[in-house]
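Single-structure report; data block below.
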Amino acid sequence: MNRTKAFALSALTASMFLAGCGGDINLTPTSIDNSNTTNNGGGTTDTNNCASYEASGTEVRGEKIGADCVYPRSFSTPESPVTSDIRLVELPGGAHIFPNGLYIGENIEATAEVNRDGPTLTIDAGATLAFEDGDAFVRISRGADIIAEGNRNAPITFTSVQELDDQITNPNARGLWGGVVINGFGISNKCDQNDLANCVLQGEGGAGFYGGDDNEDNSGIMRYVLVKYAGYEVSLDNELNGITFYAVGSGTTLEYIQVHNNLDDGIEFFGGAANVKNVVLTGNDDDSLDWADGWQGKIQYILVKHADDRANRAIEADGNSGNNDATPYSNPIIANFTSIGSLTATDGSDESEGVLVREGTRGALYNFVITDARGECLEIDNSATVAAAQAGDLTIENSVIACSENFADTTTQDWFQGVDSNVTLDETASVLASGYVTASEITDGSGAPVTVTPKTDLSSIDPFFDDVDFIGAVSEDDDWTNGWTVGLRD
């Protein structure tokens, strides 16, 4: 049965369920044990292990069609989100298919009225979630949680139905569905700092409300998670990121995450203090990593690889666009970063660039490798950012740049080369081995060895960080990307 017919049947089944409820749908908590058995009349038992909840005493459940669980449009909408705990189990050979997105928790505007004990979306290792509509996305509202714990052998995948149906023929396909949005109670510098408890901001593209006074907020766990072919343009020049962290707090666990072929940014942080380890961002059309509005988080091991057709920047780092002196400043710490640009990619005036820091952001950057950009590899913009760099509030150390255009201007060059542990090479240097792994011996264009000393005592800066003996995201001794990522070895 093709999936279009499956959606129609599932919608018909749901309408029969809901017709008997009458009036508005009021969701009530139910068990997340998905097992459900019925006798098919022939003496055998069919098991429906699709997610479910109760609406006015009637069970609403996805329909098992072949190996898939197919959910009706009424299962979850932005206006009628799921307010009970639900669980999506692994479906060997199948997927959980949502025509119009998955919305967890109530999207409450008044921060003080949000239920901080909201529902939990649990996703088992190996599960695949697929979305039909372009504007479908996953939204975890404030107070709700996502527990998505995959593993190297069984990652969790968010993708488009078109991939399941083998309809993606373009290796650079993007924007086939929305993406993942997590809304938290963290701090944004767009809010009144004297009244953070009542802070409320609204995300782009219907992403919901976010913000508050708790940078230690916990929105759950994402571990070994892939988000593919997302970034649908919900309106002109308004696309969704692969994963958007709106004021997400440091209590959230984020490890081994990949965003592949997103139409907008790969991941973006709007305020908050979320921390991430082991990130892969491949083929994203706009910026791969973006932050703004007072993000205070940390990242270690982040690998960016641009596609061969188009890309913007590996990092676009912002403070507050309306007020570059707004506090708290964006002030992350990032270590072990590799940016591999594309010499062919072009997107108007922004051509596969490296790192842009602007709009008053602060930060500390260590063990960076930036190479193969079509545009400049490093740029500081806006007077507030230059002032932060000159004051030592924005730093880059123990890093190497190897591009045809290393710096946007002399101010940026002086900032980078004023640190003894930084090394400037050109595009003829060899800084990588095996495509994305940092070379154990870096050489210049003549083949002469070049020493780039890594920052080895990162844990002394913050215990979040591992102490390492290499620069860049991936060392020859430990390819942590192996076995679960896509798009790196093509």
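Fair warning: this is a prediction, and the values are worked out from it, not measured in the lab.
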Just so I know, are the side chains of [X] and [Y] near enough to count as touching, which here means a heavy-atom distance under 4.5 Å?
{"X": "Val161", "Y": "Phe131", "result": "no"}
{"X": "Ile97", "Y": "Tyr71", "result": "no"}
{"X": "Arg174", "Y": "Asp309", "result": "yes"}
{"X": "Asn172", "Y": "Asp308", "result": "yes"}
{"X": "Ile333", "Y": "Gln300", "result": "no"}
{"X": "Leu121", "Y": "Leu88", "result": "yes"}
{"X": "Glu397", "Y": "Leu365", "result": "no"}
{"X": "Ile123", "Y": "Phe158", "result": "yes"}

Walk me through whether Arg223 and Glu255 qualify under salt bridge (Lys or Arg N to Asp or Glu O under 4.0 Å). CA-CA 5 Å; Arg223 182 180 286 123; Glu255 297 177 345; 2.9 Å; yes
Please evaluate residues Thr485 and Gln258 with respect to the criterion side-chain hydrogen bond (donor to acceptor under 3.5 Å, both in side chains), reporting the C-alpha separation (whole Å), side-chain torsions for both, the decisive distance (0.1 Å), and the verdict. CA-CA 7 Å; Thr485 59; Gln258 179 176 15; 4.6 Å; no
Run the ring-ring contact (aromatic ring centres under 6.0 Å, His included) test on Tyr366 and Phe465 for me, step by step, so that the C-alpha distance in whole Å, both residues' side-chain angles and the decisive distance to 0.1 Å come before the verdict. CA-CA 11 Å; Tyr366 302 99; Phe465 292 98; 7.7 Å; no
Distance-only, no hydrogens or angles: does the [X] side chain make a donor-acceptor pair with backbone N or O of [Y] under 3.5 Å?
{"X": "Ser141", "Y": "Gly105", "value": "yes"}
{"X": "Asn406", "Y": "Cys377", "value": "no"}
{"X": "Asp145", "Y": "Pro119", "value": "no"}
{"X": "Arg358", "Y": "Ala317", "value": "no"}
{"X": "Asn422", "Y": "Ser399", "value": "yes"}
{"X": "Asn398", "Y": "Thr453", "value": "yes"}
{"X": "Asp165", "Y": "Gln167", "value": "no"}

What's the shortest heavy-atom distance between [X] and [Y], and which atoms?
{"X": "Phe270", "Y": "Asp293", "value": "CD2-OD2, 3.4 Å"}
{"X": "Ile380", "Y": "Ala389", "value": "CD1-CB, 4.0 Å"}
{"X": "Trp484", "Y": "Tyr256", "value": "CH2-C, 3.4 Å"}
{"X": "Leu343", "Y": "Asp372", "value": "CD2-O, 3.4 Å"}
{"X": "Val431", "Y": "Ala402", "value": "CG1-CB, 4.1 Å"}
{"X": "Glu268", "Y": "Asn241", "value": "OE1-ND2, 3.2 Å"}

Exercise: do [X] and [Y] side chains pair donor with acceptor under 3.5 Å:
{"X": "Thr424", "Y": "Gln417", "result": "yes"}
{"X": "Arg489", "Y": "Tyr436", "result": "yes"}
{"X": "His260", "Y": "Tyr229", "result": "no"}
{"X": "Thr120", "Y": "Thr122", "result": "no"}
{"X": "Asn100", "Y": "Asp133", "result": "no"}

Name of the residue among Trp295, Trp291, Tyr329 meeting side-chain hydrogen bond (donor to acceptor under 3.5 Å, both in side chains) with Thr361: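 By the side-chain hydrogen bond (donor to acceptor under 3.5 Å, both in side chains) criterion, Thr361 pairs with just one of Trp295, Trp291, Tyr329: Trp291.
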Salt bridge (Lys or Arg N to Asp or Glu O under 4.0 Å) between Asp457 and Lys455, intermediate numbers included: CA-CA 6 Å; Asp457 60 343; Lys455 179 73 172 174; 3.3 Å; yes
Please report the C-alpha distance between Ser475 and Asp477 in whole Å, then the side-chain angles of each, then the deciding distance to 0.1 Å, and finally whether the side-chain hydrogen bond (donor to acceptor under 3.5 Å, both in side chains) criterion is met. CA-CA 5 Å; Ser475 72; Asp477 296 331; 4.9 Å; no
Answer yes or no: are there more than 12 heavy-atom neighbours, outside Asp420 itself, under 6.0 Å from its atom CG?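 Check fails, neighbour count at 12 or below.
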How about Gln193: does its CD atom have over 12 heavy atoms from other parts shown lying under 6.0 Å from it?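 Check passes, neighbour count above 12.
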Hey, mind stepping through Glu353 and Arg374 against salt bridge (Lys or Arg N to Asp or Glu O under 4.0 Å) and telling me if it holds? CA-CA 6 Å; Glu353 297 176 355; Arg374 181 184 174 100; over 6 Å; no
Would you say the ring centroid of Tyr210 lies under 6.0 angstrom from that of Phe185?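 Distance test on ring centres: not under 6.0 Å, no.
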